[in-house]
Protein chains: 2
Amino acid sequence: MARMSDADSASASVSDPESDCRGCADPAAAFAAHDHRHCAGDVLARAEALVAAGGVRLTPVRRRVLEILLEEHRALGAYDVLKRLAAEGFGNQPPVAYRALDFLAENGFVHRIRRLNAFAACMHPGEDHAPVFLICRNCNAVAEMPAAPVRAALGAAAADLGFAVERTTVEAMGLCPACCKSEAAP
Amino acid sequence: MARMSDADSASASVSDPESDCRGCADPAAAFAAHDHRHCAGDVLARAEALVAAGGVRLTPVRRRVLEILLEEHRALGAYDVLKRLAAEGFGNQPPVAYRALDFLAENGFVHRIRRLNAFAACMHPGEDHAPVFLICRNCNAVAEMPAAPVRAALGAAAADLGFAVERTTVEAMGLCPACCKSEAAP
DNA sequence: TCTATGTATGTAATATAATAACATGTCAAG
DNA sequence: CTTGACATGTTATTATATTACATACATAGA
């Protein structure tokens, strides 16, 4: 990492997907520049292994949707994904995208970011985790963070009330390190 | 509590608003039956005081929206609120509801439940709190829970990554005490 | 009191997100 | 080579949310 040119420190919606990689597996690197091609390939390989083991099928559409989210490396709306699919010859109606996304989400390959009505590829499929997301309100970067402490606190408090937690949505809006700096010195 | 008249059942799809009151200020009572009329009046009074102090205006529409959410005592979609408003002679276009809801949310009188695309009245306006919501997947009850430990865990972990948290969305889907029991013994 | 100003409300039109319902295609077990 | 399960494609519709602009309404200053 830290192989960054001067061009991409002030990234935004338009970004070089390789040098401006966000949200990868290592939380410490989540907001740092690094070679994302590697992460993406790795995740995809792991997904295929998991799928084979689990008796479900990673069909062309589903696989392509996962690839798109991995390449893009940020949260995409269902209709953004759909546009890409349509351009590549897949169906161009909403259910095509939603079905693939739902499948991937159910199987832990992508996460739904409710705050953004969007989806992002999971960076550690297979590992059981209830993810916490950090969303930068300035550059829209999304990072997946270890959630164990948060989940523990939540589960404990809920148990006191007799509430049985099954699934959690934990999302934090704020400023990523880069945007923190640029906001401080404009 | 449990002082219910026979007149006012039959409100929502599931619950009697008075005897089956959910999510009030006391977390211990959150999922317990009690007289909600008292909570609602109390919250409304507090809201008016806060508004006066804060230099913002609780206009008729805004006040009515808050009342509706307090009466209903569950999460309502913007269009549900809108229907009620229209029936009472207010405007019947979406912005009418969204503007009032946005105002109330910004000022801490209602919360947005992203998982449900809905809004619920806040049961302790004024107290600074980043709420945690418990949502029953069976009966749709929503309870507001103390969030300090969860917030602390989240903030600490994020700070390690250099991320500055500004707002959080923490929602847990699961089974409330009542539905837990009924699911165990059907 | 009048009128300028900011804020709130009303309305129309549109954008964005998600689902329902049904037809067609594909593949593997029997 | 048929059947059944699953996946994909398409049409239509519902649900959620915002933009843009017009109108009313309060109130501070001339």
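Below, read A as the first sequence line, B as the second, and so on, with proteins coming before strands; counting in each chain starts at 1. These numbers come from the heavy atoms of this one structure, side chains and all, not from hydrogens, waters or symmetry mates.
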Point to revise | Any B/R99 side-chain nitrogen or oxygen under 4.0 Å from OP1 or OP2 of C/dT9 | key: no
Practice item. May I have the distance from A/F103 (atom CZ) to D/dA5 (atom P), rounded to whole angstrom? Key: 19 Å
Revision key, fill the gap. A/L101 atom CG is separated from D/dT8 atom C1', nearest whole Å, by 15 Å
Study note, to complete from the structure: Angle separating the five-pair end axes of the helix from C/dT1-D/dA30 to C/dG30-D/dC1, nearest 10°, is 10°
**Study point:** Passing candidate, side-chain contact (heavy atoms from CB on, under 4.5 Å) with B/V65, options B/L76, B/L82, B/L101
**Key:** B/L101
Could you run down the sub-3.5 Å N/O contacts of the protein with nucleotides 12-17 of chain C?
from, atom 1, to, atom 2, distance (Å)
C/dA17, N7, A/Y79, OH, 3.4

Exercise for review: Measure from the side-chain N and O atoms of B/R62 to the backbone N and O of B/R57, and report whether any donor-acceptor pair falls under 3.5 Å.
Suggested key: yes
Exercise for review: Mark yes or no for whether B/N107, through its side chain, and B/F103, through its backbone, hold a donor-acceptor pair below 3.5 Å.
Suggested key: yes
Review point. Between B/E144 and B/H124, is a side-chain contact (heavy atoms from CB on, under 4.5 Å) present by the stated rule, with each step listed?
Key: CA-CA 9 Å; B/E144 210 174 327; B/H124 7 49; 3.4 Å; yes
Study note, to complete from the structure: Between CG of B/N107 and C1' of C/dA8 the distance, given in whole Å, is 14 Å
**Study point:** Those residues that, when tested against B/F119, pass ring-ring contact (aromatic ring centres under 6.0 Å, His included) (two or more places apart)
**Key:** none
Exercise for review: State the CD-CG distance between A/E67 and A/L70, to the nearest 0.5 angstrom.
Suggested key: 8.0 Å
Point to revise | Distance, rounded to the nearest Å, where B/L58 contributes CG and C/dA8 contributes P | key: 11 Å
Review point. Under the side-chain contact (heavy atoms from CB on, under 4.5 Å) criterion, do B/V170 and B/M145 qualify, and how do the steps go?
Key: CA-CA 10 Å; B/V170 184; B/M145 189 177 74; over 6 Å; no
Review point. Separation of A/L82 atom CG from D/dT10 atom P, in whole Å?
Key: 11 Å
Exercise for review: Could you list all the salt bridge (charged side-chain N to carboxylate O under 4.0 Å, His left out) pairs where at least one residue sits in residues 86-109 of chain B, not counting sequence neighbours?
Suggested key: B/R64-B/E88
Review point. Does anything in residues 153-174 of chain A pair up under side chain to side chain donor-acceptor pair (under 3.5 Å), and if so which pairs, sequence neighbours excluded?
Key: A/E166-B/R137, A/T169-B/R115
Exercise for review: Report yes if some heavy atom in the side chain of B/L85 is under 4.5 Å from a heavy atom in the side chain of B/V61; otherwise report no.
Suggested key: yes
Point to revise | Value in whole Å for how far the P atom of D/dT8 lies from CG of A/D102 | key: 12 Å
Is there any protein nitrogen or oxygen under 3.5 Å from a nitrogen or oxygen in nucleotides 27-30 of chain C, and what are the pairs?
none

Check your understanding: Between atom NZ in B/K83 and atom C1' in D/dT16, what is the gap in whole Å?
Key -> 12 Å
Check your understanding: Given atom CZ of B/R63 and atom P of C/dA8, what is their separation to the nearest angstrom?
Key -> 17 Å
Check your understanding: What's the spacing between B/T59 OG1 and B/R63 CZ if we round to 0.5 Å?
Key -> 11.0 Å
